[in-house]
Q: 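This structure is in structure tokens; I'll ask about it shortly.
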Amino acid sequence: MGNWEQLKENASWYEAGTFDVAVIGAGHAGCEAAFACARLGLSTLLLTLHLDQLANLPCNPSIGGTAKGQLVREIDALGGIMGEMADLSAIQTRMLNRSKGAAVFSPRAQMDRAAYSRRMKERIEREENIALVQAEVVELFWDETDGNKILNGIRTRSGACYHVRAAVVCSGTYMESRTIRGEVIVESGPDGLSRSVGLSQSMAEAGITIQRFKTGTPVRVNKRTVDASVMEIQPGEPDMPPFSFGNEMEGKMPRQEQTPCYSVWTTPETRRIITENMDRSPLYSGVIEGVGPRYCPSIEDKFMRFPDKSRHQIFVEPMGDDTQELYLQGFSTSLPEDVQVQMVHSLPGLEKAHIQRAAYAIEYDCIDPTTAKLTLESTCLEGLFTAGQINGSSGYEEAAAQGLMAGINAAMKILGREPVILDRSQAYIGVLIDDLVTKGTREPYRMMTSRAEYRIFLRQDNADMRLTDIGHRIGLIDERRYSAFEAKRKAIEEEKERLRTTYLPPSDKLHEILARCGSTMTQSGISLQDLLKRPEIHYADLAEVDEKRPELSPAVIFAVEVDIKYEGYLALEEERIRKFAALENKKLPPDIPYDQIEGLRLEARSKLASRKPMSLGQASRISGVSPADIAVLLVYLEAKKREEREERKENNDGQE
């Protein structure tokens with residue numbers, strides 16, 4: 001740890017300035033964190049190793065996908081910028097899971113990688129309260145009083161020292177990273193860029209637990225050398241709504257000219273090449289020390305872990321409008337480069353493919369996220385927040401969501417306002433952060449719809465209805481955007497009421513529509529709402545018999561139809577959420593003497609004392625804390641309440 005007194009003694013250090021917040025790293029997490037702090041009026045220093053790589057997409061050149069699309073829409077609903085940048089840079093859009101029901105619809109867009117990064121850089125540079133600097137942060141400064149460490153500054157490798165009131169570390173996969181390709185190990189970040197050295201050690205000195213994770217990225221090939229005619233085409237869907245609710249309200253849709261993607265399957269030759277070269281795999285030879293992602297394994301790991309599967313699907317995706325590079329999704333590997341050439345040439349249509357970038361695995365330092373609070377502030381160093389892959393997550397969307405929340409809460413702390421914590425019933429963001437902070441992770445964490453208990457309620461289409469009020473309250477949603485949102489909310493409620501109170505008598509036209517939709521005939525009057533509750537009937541089907549139908553946007557129509565069709569399920573979900581809230585609302589003071597509470601098991605005492613959960617609900621999700629322990633805590637809280645009531649009564653009696 002450095003300190004300000006040492007500045008005077010070391011000629012290579014100098015005071016470079018004072019800021020409210022320093023954001024360390026300008027990937028997806030860092031850009032959201034800096035943007036949030038700046039929009040909330042704080043002077044914000046955004047430091048990055050590589051000024052031309054802001055919000056880089058070093059792996060898959062896409063935004064969104066299953067569960068991830070929900071995160072992007074939630075980020076936008078709160079006032080973040082990922083959705084806006086994605087809409088500007090999309091070259092193909094698709095709504096995944098259309099066949100599975102609206103609860104898991106997930107928007108996904110293929111990005112122009114260079115355009116996305118370029119637009120984000122321009123957006124950040126135009127923000128008045130952000131000072132963007134290319135520099136490597138190597139050290140944190142803090143004061144220590146009564147064992148409590150409070151952050152007060154940072155130092156860069158060049159010796160620039162900044163006074164700050166808070167910092168958000170968004171180091172991505174750069175912290176003490178190394179790339180691995182067969183026997184070739186290079187101390188670098190992704191894409192051969194320089195890595196971060198020293199910051200990890202400084203965080204460890206502050207008491208933060210460091211762990212080591214691994215991820216990887218596939219080869220990139222030249223489109224000119226690929227025969228796409230033998231591949232299965234994956235067309236886009238220009239009717240997918242935009243990620244940004246602001247664009248949705250203005251009627252802006254994705255571009256109509258959709259760039260196609262393709263898919264192929266591995267062959268027996270692919271399996272043979274991989275199997276015969278497994279002795280050269282760093283993944284199995286012990287060279288790779290970091291823990292890799294279970295849900296995104298390398299291709300050699302797929303063949304080893306799933307020997308019953310004879311083949312695996314590979315997606316061939318463009319990297320942008322102005323490049324010939326194609327990305328082979330699902331084909332990440334750390335095998336040597338010469339083996340990679342053979343593997344690629346074993347795929348249909350890629351027999352003559354020229355590899356422009358070889359695949360690699362990358363190891364990096366991250367923290368144990370259980371050393372963070374639900375605000376994403378460290379429990380070891382006050383004023384230090386962490387977001388993104390440093391918290392053990394994977395994915396651009398997970399990083400951006402954490403960056404937004406860390407930035408918001410750093411700002412709330414400095415402004416003396418209440419922190420913003422989304423719970424599991426409010427947002428996928430709440431599930432993501434609660435999983436990381438409460439349960440921890442021993443592998444790169446990926447968001448999935450199955451992790452959300454209330455996913456019928458947490459849909460991508462209603463993210464604005466769930467979160468825009470919060471974004472407006474804290475100051476990230478402006479009045480113009482909020483007025484448009486209120487108009488949308490009013491239109492949805494008015495149309496649902498109109499459908500509920502509008503009845504249709506039996507008629508030849510109605511019977512014709514019902515027959516066409518494969519629905520049963522009605523012998524008496526029926527409301528439009530009851531007709532829409534039928535799974536086989538959609539809002540558009542009833543246009544011919546709904547003469548007073550108002551002009552509504554596609555977003556309002558979709559919301560109305562889903563709310564009506566899911567009405568019964570949503571009622572059950574709301575009841576479950578009420579029960580969940582009962583535990584979440586029982587707050588736990590940070591100074592509870594868990595070691596003195598009789599009835600708590602030793603493991604529970606230790607876990608609760610180290611984690612300091614904010615509520616009984618969070619405590620119940622900590623591994624090692626049983627329902628019996630929660631019952632003991634309930635009894636303890638009730639006993640404390642009685643003691644406090646009796647104490648107040650005695651004080652009042654004494655005053656009389």
Side-chain angles (χ1 to χ4, degrees), residues 15-56 75 78-82 84-85 117 119-142 150-156 158 160-172 174 196 199 375-378 381-388 390-391 399-417 419-420 471 474-478:
E15 288 199 51
T18 299
F19 290 85
D20 290 322
V21 180
V23 178
I24 302 168
H28 303 282
C31 288
E32 292 289 351
F35 183 78
C37 289
R39 288 291 300 275
L40 292 172
L42 303 185
S43 58
T44 306
L45 175 66
L46 177 57
L47 303 115
T48 176
L49 287 169
H50 310 285
L51 205 55
D52 296 319
Q53 299 293 328
L54 263 70
N56 185 25
I75 290 165
L78 286 165
I81 53 175
M82 176 175 257
E84 182 185 339
M85 296 298 104
S117 178
R119 287 184 172 116
M120 185 66 82
K121 181 172 182 280
E122 181 186 13
R123 185 70 182 83
I124 292 294
E125 288 173 334
R126 289 180 180 275
E127 194 60 41
E128 185 177 352
N129 290 327
I130 296 178
L132 180 60
V133 175
Q134 181 167 295
E136 179 187 2
V137 176
V138 297
E139 192 169 13
L140 306 173
F141 296 154
W142 61 82
I150 302 173
L151 180 85
N152 61 16
I154 61 171
R155 178 171 70 88
T156 71
S158 64
C161 296
Y162 297 92
H163 287 276
V164 296
R165 301 167 67 185
V168 186
V169 179
C170 310
S171 54
Y174 286 87
S196 165
L199 181 58
T375 59
L376 295 179
E377 183 180 15
S378 173
L381 180 54
E382 186 177 341
L384 181 73
F385 295 76
T386 51
I390 190 173
N391 285 340
Q402 293 171 67
L404 176 63
M405 299 310 297
I408 288 171
N409 283 315
M412 295 298 106
K413 184 179 182 70
I414 290 171
L415 296 170
R417 295 167 59 183
V420 178
I474 61 180
L476 289 179
I477 298 291
D478 62 27

Q: By side chain to side chain donor-acceptor pair (under 3.5 Å), which residues pair with Glu136, not counting sequence neighbours?
A: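 Result, side chain to side chain donor-acceptor pair (under 3.5 Å) vs Glu136: Arg157.
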Q: Evaluate the side-chain proximity of Asn152 to Arg165: yes if any heavy-atom separation is below 4.5 Å, no if none is.
A: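 Not in contact.
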Q: Is any side-chain heavy atom of Cys161 closer than 4.5 Å to a side-chain heavy atom of Phe141?
A: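 In short, these two side chains touch, coming nearer than 4.5 Å.
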Q: Please collect all side chain to side chain donor-acceptor pair (under 3.5 Å) contacts where either partner lies in residues 404-413, sequence neighbours excluded, each pair once.
A: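 Qualifying pairs, neighbours excluded: Glu377-Lys413, Glu382-Lys413.
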Q: Can you see which heavy atom on Leu49 is nearest to which on Ser196, and at what distance?
A: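 Minimum heavy-atom contact is CD1-N, 4.0 Å.
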Q: Leu47 and Ala135: which non-hydrogen atoms are nearest, and at how many Å?
A: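 Taking every non-hydrogen atom into account, CD2-CB, 4.0 Å.
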Q: Report yes if the side chains of Thr375 and Ile408 come closer than 4.5 Å at any heavy-atom pair, otherwise no.
A: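 Heavy-atom side-chain distance check fails, nothing below 4.5 Å.
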Q: For the pair His163 (side chain) and Ala16 (backbone), establish whether a donor and an acceptor sit closer than 3.5 Å, ignoring hydrogens and angles.
A: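 Answer holds: no.
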Q: Could you check whether any side-chain heavy atom of Leu199 comes within less than 4.5 Å of a side-chain heavy atom of Leu140, counting everything from C-beta outward?
A: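 Yes, close enough: below the 4.5 Å cut-off.
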Q: What residue pairs, at least two apart or across chains, pass side chain to side chain donor-acceptor pair (under 3.5 Å) with a residue in residues 40-51?
A: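 Counting only pairs at least two positions apart or across chains, the side chain to side chain donor-acceptor pair (under 3.5 Å) contacts touching residues 40-51 are Asp20-Ser43, His50-Ser194.
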Q: Does any part of the side chain of Lys121, heavy atoms only, come nearer than 4.5 Å to the side chain of Gln53, both counted from C-beta?
A: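 Of all side-chain heavy-atom pairs linking Lys121 with Gln53, none is under 4.5 Å.
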Q: Give a yes or no answer on whether the side chain of Thr386 reaches the backbone of Ile390 with a donor-acceptor pair at less than 3.5 Å.
A: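 No; judged by distance alone, with no hydrogens or angles, the pair does not exist.
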Q: Please report the shortest heavy-atom distance between Ala166 and Leu151, naming the atom on each side.
A: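 Shortest heavy-atom contact: C-CD2, 3.8 Å.
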Q: Under the salt bridge (charged side-chain N to carboxylate O under 4.0 Å, His left out) rule, collect the residues that match up with Arg155, sequence neighbours excluded.
A: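 In terms of salt bridge (charged side-chain N to carboxylate O under 4.0 Å, His left out), with neighbours along the sequence ignored, Arg155 is linked to Glu139.
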Q: Check Val168 against Ala410 and note the closest heavy-atom contact, atom names and distance.
A: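 Minimum heavy-atom separation between Val168 and Ala410: CG2-CB, 4.2 Å.
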Q: Quick one: side chains of residues 31-42, donor-acceptor pairs under 3.5 Å with protein atoms, not counting sequence neighbours, listed by atom name and distance.
A:
from  : atom 1 : to    : atom 2 : distance (Å)
Glu32 : OE1    : Ile81 : N      : 3.1
Glu32 : OE2    : Ile81 : N      : 3.2
Glu32 : OE2    : Met82 : N      : 2.8

Q: Is there a side-chain contact between Tyr162 and Leu45 in this structure, where contact means two heavy atoms from C-beta onward sitting under 4.5 Å apart?
A: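 Heavy-atom side-chain distance check passes, below 4.5 Å.
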Q: Using side chain to side chain donor-acceptor pair (under 3.5 Å) as the criterion, list what pairs up with Ser171, not counting sequence neighbours.
A: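 So Ser171 forms no side chain to side chain donor-acceptor pair (under 3.5 Å) with any residue.
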Q: Side chains of Ile474 and Val420: does their closest heavy-atom pair fall under 4.5 Å?
A: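 With C-beta onward as the side chain, the pair touches.
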